[in-house]
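The structure appears below as structure tokens.
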Amino acid sequence: MATVAELIGVQSQRVGPGLLGPDGLRYQHPEIAAQAATRAALFGERHRPGMHPHIGVLLGNGEEFAFWLSAAALAGAALVGVNPTRRGAELARDVRHAECELLVTSHALRPLLAGLGLDDLPLLVVDEPGYAEALAPYRGLAVADVAPVAPVTEDTRLLLYFTSGSTGAPKAVTCRQGRVVASGAMMAERFDLTPSDVCYIPMPMFHGNAILANWGPALVAGATIALPDRFSASGFLPDVREYQATYFTYVGRAISYILATPEHPSDAVNPLRAGFGTEAGPLDRDRFERRFGCRLSEGYGASEGGINLPAPRTFPPAVLARGAAVGRTEPALSILDLETGKPCPPSEFDAAGRLLNGAAAIGELVRTGPGGFTGYWNNPAADAERYCDGVYYSGDLFYADTDGWLYFAARKADRMRVDGENISVALLEAILSRWDPVEAVAAYAVPDEVTGDAVMCALVLKRDAGFEPKTFADFLAAQADLGTKMAPRFVRVTAALQTTATAKVSRYALREQGWWDVGGDAVWERRGRGSEYRPLRGPQDQ
């Protein structure tokens, strides 16, 4: 199959449950296809020539989001996932920037649009009486009877979804039907998904992870999708058991939040057999497998799709000990120095696995050719920054050893350069997470008063744990793989890390707050590797 529309045609002939929602909601595969056909036909009637066929969806997870996603595929339109956690001018900017022709929302979220100057935008409110009346003339229409607004091919744009915003203002990534099909086929094969599987989607549907790594694979395999209305760490295991979920996806801090819930001896009694995602550290992945009896697989990739690296099931022990490994390099990939643009030398390690030449070895991962990147919507400057002269720039920092193993260092925007040395944020966070009182950690750069960056970290401590400065300093001194420039100068102790709607830590926000705008949080400072941490109350103490 080359298009999502064709897969929905196949779905219309399948037997069995296709969607499970909260409160016992249940749809068979043919019902989902029929609901999609109804909505596709409604959109086709309302589409105005000369307008981009972009359907904005301002909804939480649920059956209506799934129906409109399939409807967009049948209609030859693109679904714009509008982030419901955005507010005010930022929300209006997203809708206007994506040139939505129609906006689908709910009664609860409709007030978010008030006063934003969007009154001219046609609106469908899924839980108000007028919605059922609008759909009524198209009920009973078959998938084959839908007339798309334009010919549907593998190159037809299906999605406009915004980057997570963890490093600045979000950009609208374009995604074609063919990419969704290819990603779905690859993931379905990798995890042996079949019609008997239940694919649990706790991540928001307005983001690429939920669609490319979960909804798409389920559609290819004929599996059932389970859609809670939102991610809940405390509700994760009850949901898994209720839906009998066998596969799930995650991003950001989701795994850490799940592991922070109270343990029970029966946690491993569940139907899960596989999980896939990004940004769960090796310690958390190991803890999750031991506690829930489910193996987690990681991969490197971004919303843009230019480079995707599925991690192998196992790593050599020496590679695993170094932390932050994501997979093997490929002929089209290279790591370029940020200043010179020349290839970086291989990384060197000591016996403890400590990176010795970070200043030279850490650079930006690039690819010859665009890969799956098809551009941002109406943002030529961002396109040129991402893809130029036949080279795709990932925006992420890596280093590679002599055997071709790739290690993630940081997002380019999260780069740390201390006394002329590039610091791996990912490696530093992995080290800090070993400290027993730590529940969650984020490392980031703040300005040094002389030059370059100073290292700061935000720590979320376990319940009833306190920050003991000498104990923390002793812990750092005992870490053989902690580089001489890596020890945090500033430590912020906070109740929770600020995250984006996709559970990714917002280092952008943390950097903006620095050590001077932390609300009621305590901040500690150390001015030398051997000195003690002391309380820092504000700029006057500098």
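Along the sequence shown, the residues carry numbers beginning at 1.
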Salt bridge R489-E449, side-chain N to carboxylate O under 4.0 Å: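 So R489 pairs with E449 through a salt bridge.
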Looking at [X] and [Y], would you say the former's side chain and the latter's main chain have a donor-acceptor pair under 3.5 Å?
X	Y	answer
H97	W377	yes
T261	I258	yes
E364	L336	no
H54	A98	yes
D401	S347	no
D481	I431	no
R230	N61	no
S394	V366	no
D517	G514	no
T249	N214	no

Go through the steps for E429 and R253 under the test salt bridge (charged side-chain N to carboxylate O under 4.0 Å, His left out), then give the verdict. CA-CA 13 Å; E429 289 181 347; R253 306 299 306 183; 5.0 Å; no
Looking at [atom1] of [X] and [atom2] of [Y], how far apart are the two atoms once the value is rounded to the nearest 0.5 Å?
X	Y	atom1	atom2	value
D350	R322	CG	CZ	10.0 Å
F475	K470	CZ	NZ	14.5 Å
N209	W215	CG	CH2	14.5 Å

Under a 4.5 Å cut-off applied to non-hydrogen side-chain atoms, are [X] and [Y] in contact?
X	Y	result
L112	R87	yes
S297	F276	yes
L397	L338	yes
E330	R367	yes

In this structure, are over 12 heavy atoms from other groups packed under 6.0 Å from R434 atom CZ?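 Above 12, so yes.
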Neighbour count above 12 (heavy atom, 6.0 Å) for E289 CD: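 Enclosed.
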Does either side chain, that of T163 or that of S303, offer a donor lying less than 3.5 Å from an acceptor on the other one?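 S303 and T163 do not have a side-chain donor-acceptor pair below 3.5 Å.
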Between W524 and F467, what is the ring plane arrangement, given parallel below 30°, perpendicular above 60°, and tilted in between? tilted
Do the ring planes of Y399 and F349 sit parallel (below 30°), tilted (30 to 60°) or perpendicular (above 60°)?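 Tilted: the ring planes of Y399 and F349 meet at 30° to 60°.
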Identified side chain to side chain contact (heavy atoms under 4.5 Å, CB included) counterpart of R492 within the set L459, L510, L536: L510
With side chain to side chain contact (heavy atoms under 4.5 Å, CB included) as the test, pick out the partner of D453 among R415, R417, R511. R417
Please walk me through it: do K342 and D337 pass salt bridge (charged side-chain N to carboxylate O under 4.0 Å, His left out)? CA-CA 5 Å; K342 296 179 179 180; D337 184 273; over 6 Å; no
How far apart are the closest heavy atoms of [X] and [Y], and which atoms are they?
X	Y	result
A409	S424	CA-OG, 3.4 Å
L193	C199	CD1-SG, 4.1 Å
A268	G293	CB-N, 4.3 Å

With sequence neighbours excluded, residues passing ring pair (Phe, Tyr, Trp, His ring centres under 6.0 Å) with Y247: F191
Got a sec, which residues hit ring pair (Phe, Tyr, Trp, His ring centres under 6.0 Å) with Y161, two or more places apart in sequence or on another chain? none
Centre-to-centre under 6.0 Å for W405 and F315, is that the case here? yes
Hey, would you say the F236 and Y250 ring centroids sit under 6.0 Å apart?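 Between F236 and Y250, the centre distance exceeds or equals 6.0 Å.
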Test D436 against K462 for salt bridge (charged side-chain N to carboxylate O under 4.0 Å, His left out), laying out the working first. CA-CA 9 Å; D436 186 64; K462 295 176 182 176; 3.6 Å; yes
Yes or no on side chain to side chain contact (heavy atoms under 4.5 Å, CB included) for L406 and F408, after CA distance, side-chain angles and deciding distance? CA-CA 7 Å; L406 288 166; F408 178 76; over 6 Å; no
Could you walk me through whether Y300 and L365 satisfy the side chain to side chain contact (heavy atoms under 4.5 Å, CB included) test, starting with their C-alpha distance in whole Å, then the side-chain angles of each, then the deciding distance to 0.1 Å, before giving a yes or no? CA-CA 11 Å; Y300 165 77; L365 183 68; 4.1 Å; yes
What's the verdict on side chain to side chain contact (heavy atoms under 4.5 Å, CB included) for V460 and L497, showing C-alpha distance, side-chain angles and the deciding distance? CA-CA 7 Å; V460 178; L497 299 176; 3.8 Å; yes
Show your reasoning for whether side chain to side chain contact (heavy atoms under 4.5 Å, CB included) applies to V180 and L212. CA-CA 6 Å; V180 176; L212 292 167; 3.9 Å; yes
Any cation-pi pair here, R386 with F373, using under 6.0 Å and within 45°?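 No, R386 does not lie over the aromatic ring of F373.
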